[in-house]
Amino acid sequence: MMQSNTPSWSSQLSSLKKIAWVFKLVLLAAMLAYLYFTILEKGQSLKDVYRLLRENLRSPHWIELTIVVLLTPINWACESRKWQLLAQKIENISFLQSLKGVLAGLALGFMMPNNVGDAAGRVLSLQSNQRLTGVGAALLSNGLQFYVSLLFGTLGWAYLISQQSTLQQWPQLMLLGALISTLGFGIWLITKRKNAEKYLERYRWFRWIEPYVDVIAQYNLIEIRRAFRWAALRYGVFTVQFGLLLLIFDVSLPVLAAISSVFLVYFAKTLIPALNFLGDLGIREASSLYFFSFYTVEPARIVAVTLTLWCINILLPVLIGVFWVMKMRWWR
């Protein structure tokens with residue numbers, strides 16, 4: 001019997017995953033290089049970043065820094081409440097169980113691509129025999145958070161274009177139009193979510209995601225709006241954290257300019273694929289340097305702000321999440 005030399009579907013998928021992994025690794029290296037050379041271009045170095053961290057994270061700013069730290073559990077509490085509401089279609093879980101799943105997902109993002117680790121932690125923390133259908137709930141949770149970031153990122157981009165004449169060109173204006181169109185498409189997609197299953201049944205290649213889409217179709221608009229409010233509240237919390245850190249590190253900007261830049265940084269972080277949570281750091285730093293470069297701000301100060309925020313909002317919760325991952329039952 002002759003064997004086919006055509007690569008199997010699984011081997012092709014494996015090759016695509018490797019290519020995607022290499023692409024993200026190259027992207028991370030490029031962003032770190034951009035970060036390094038941007039600081040050098042302004043006559044500064046990583047020593048300046050260290051000096052700013054040492055000088056500004058001291059007693060004169062202890063009130064603002066305390067508020068930033070206290071907002072971190074509120075940040076993740078908002079995310080946990082959102083996940084708790086969405087997980088009800090699969091299993092009734094307590095707020096504490098939801099929090100464990102969210103932190104476990106954050107910790108698994110250290111070893112896996114961010115979105116994969118996030119979904120895995122949440123799904124594996126469920127007790128139900130049908131917990132794999134929780135992937136659909138995790139997708140909806142991330143989708144709502146992405147939409148909030150898209151909404152405010154669009155506002156930030158519109159403001160930046162209005163203030164910077166160099167950006168008032170066709171490519172930038174077309175990007176703004178594409179963002180607005182995507183916002184409209186997101187609303188349409190939610191209203192038509194119940195028809196998605198019928199659409200997927202027509203195509204054999206997409207049938208494997210049908211159980212996950214079926215879970216999304218079970219949510220009514222009231223439940224989605226309720227989860228969306230928690231996503232928006234969480235976005236507000238880490239926007240306030242970013243703003244307070246700008247004050248701590250003496251970054252003086254008009255309020256609207258600072259807020260729009262923060263919106264754009266979070267949108268870039270959401271949009272650009274990260275290798276893992278370390279890659280998230282590279283995206284946050286590089287995008288911050290780019291968007292704040294339109295104003296007279298020392299790059300070292302922006303790096304110090306984003307590094308501090310990453311340590312408080314990501315690193316500390318990851319260390320807590322590792323504890324829950326170690327206690328997690330991987331198979332049922």
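Basis for what follows: all heavy atoms, side chains included, without hydrogens, waters or symmetry-related copies.
A distance of 6.0 Å separates CD1 in Ile190 from CG in Leu140, rounded to the nearest 0.5 Å. How far CD of Gln241 is from CZ of Phe238: 8.5 Å, rounded to the nearest 0.5 Å. Note that the CG atom of Leu264 and the CZ atom of Phe292 stand 9.0 Å from one another [nearest 0.5 Å]. Taking CZ of Phe242 as the reference point, atom OG of Ser288 lies at 4.0 Å (rounded to 0.5 Å). Going from atom CD1 of Ile63 over to atom CG of Leu244 covers 11.5 Å, rounded to the nearest 0.5 Å. One distance of note links OG of Ser80 with CD of Gln84; it measures 8.5 Å at 0.5 Å rounding.
Counting heavy atoms from C-beta outward, Leu151 and Val148 have side chains that stay 4.5 Å or more apart. Here the side chains of Asp250 and Arg301 are in contact, with some heavy-atom distance below 4.5 Å. Annotation: side chain of Leu65 is in contact with side chain of Ile312 (closest heavy-atom distance under 4.5 Å). Side-chain atoms of Ile93 and Trp83, non-hydrogen and from C-beta on, do get closer than 4.5 Å to each other.
Cluster membership check: Phe95 does not share its hydrophobic cluster with Leu86, using side-chain heavy-atom separations under 4.5 Å among Ile, Leu, Val, Met, Phe, Trp and Tyr. Val240 and Leu245 fall within a single hydrophobic cluster, where Ile, Leu, Val, Met, Phe, Trp and Tyr side chains are chained together by heavy-atom contacts under 4.5 Å. A chain of hydrophobic side-chain contacts below 4.5 Å, direct or via other Ile, Leu, Val, Met, Phe, Trp or Tyr residues, connects Leu271 to Tyr147. In the hydrophobic clustering of this structure, Leu85 does not group with Leu96; members are Ile, Leu, Val, Met, Phe, Trp, Tyr whose side-chain heavy atoms approach within less than 4.5 Å, directly or through other members. No chain of hydrophobic side-chain contacts below 4.5 Å, direct or via other Ile, Leu, Val, Met, Phe, Trp or Tyr residues, connects Leu221 to Leu189.
Within the 3.5 Å criterion, the main-chain N or O of Asn313 finds a donor-acceptor partner in the side chain of Trp76. The backbone N or O of Leu126 sits nowhere less than 3.5 Å from a side-chain atom of Glu91 that would complete a donor-acceptor pair. Side chain of Ser293 to backbone of Tyr290: a donor-acceptor contact under 3.5 angstrom is found. Side chain of Arg122 to backbone of Gly101: no donor-acceptor contact under 3.5 angstrom is found. No donor-acceptor pair closer than 3.5 Å links the side chain of Glu64 to the backbone N or O of Ile248. Checking side-chain atoms of Ser149 against main-chain N and O of Phe146 turns up no donor-acceptor pair under 3.5 Å. Within the 3.5 Å criterion, the main-chain N or O of Ala304 finds a donor-acceptor partner in the side chain of Thr308.
The two residues Leu246 and Ala258 come nearest to each other via the heavy atoms CD1-CB, 4.2 Å. Between Ser261 and Ala257, the shortest heavy-atom contact is OG-O, 2.8 Å. In terms of heavy atoms, Ala227 sits closest to Lys82 at O-CD, 3.4 Å. Closest approach of Glu223 to Gln218, counting heavy atoms only: OE1-O, 4.1 Å. Here the shortest heavy-atom pairing between Glu79 and Val102 reads CG-CG1, 3.9 Å. Heavy atoms only, all atoms of each residue included: Ile216 and Gly136 are closest at CG1-O, 3.4 Å.
Other residues, nucleotides and ligands contribute more than 12 heavy atoms inside 6.0 Å of the CG atom of Leu70.
Note on ring orientation: taking the six-membered ring where Trp is involved, the planes of Phe291 and Trp157 are perpendicular (angle over 60°, cut-offs 30° and 60°).
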List the atom pairs, donor and acceptor, that lie under 3.5 Å between side-chain atoms in residues 163-183 and the rest of the protein, sequence neighbours left out.
from	atom 1	to	atom 2	distance (Å)
Gln168	NE2	Ile161	O	2.9
Ser181	OG	Gly177	O	2.9
Thr182	OG1	Ala178	O	2.7

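Residues forming a ring-ring contact (aromatic ring centres under 6.0 Å, His included) with Phe263 (at least two apart in sequence, or on another chain): Phe152, Tyr235.
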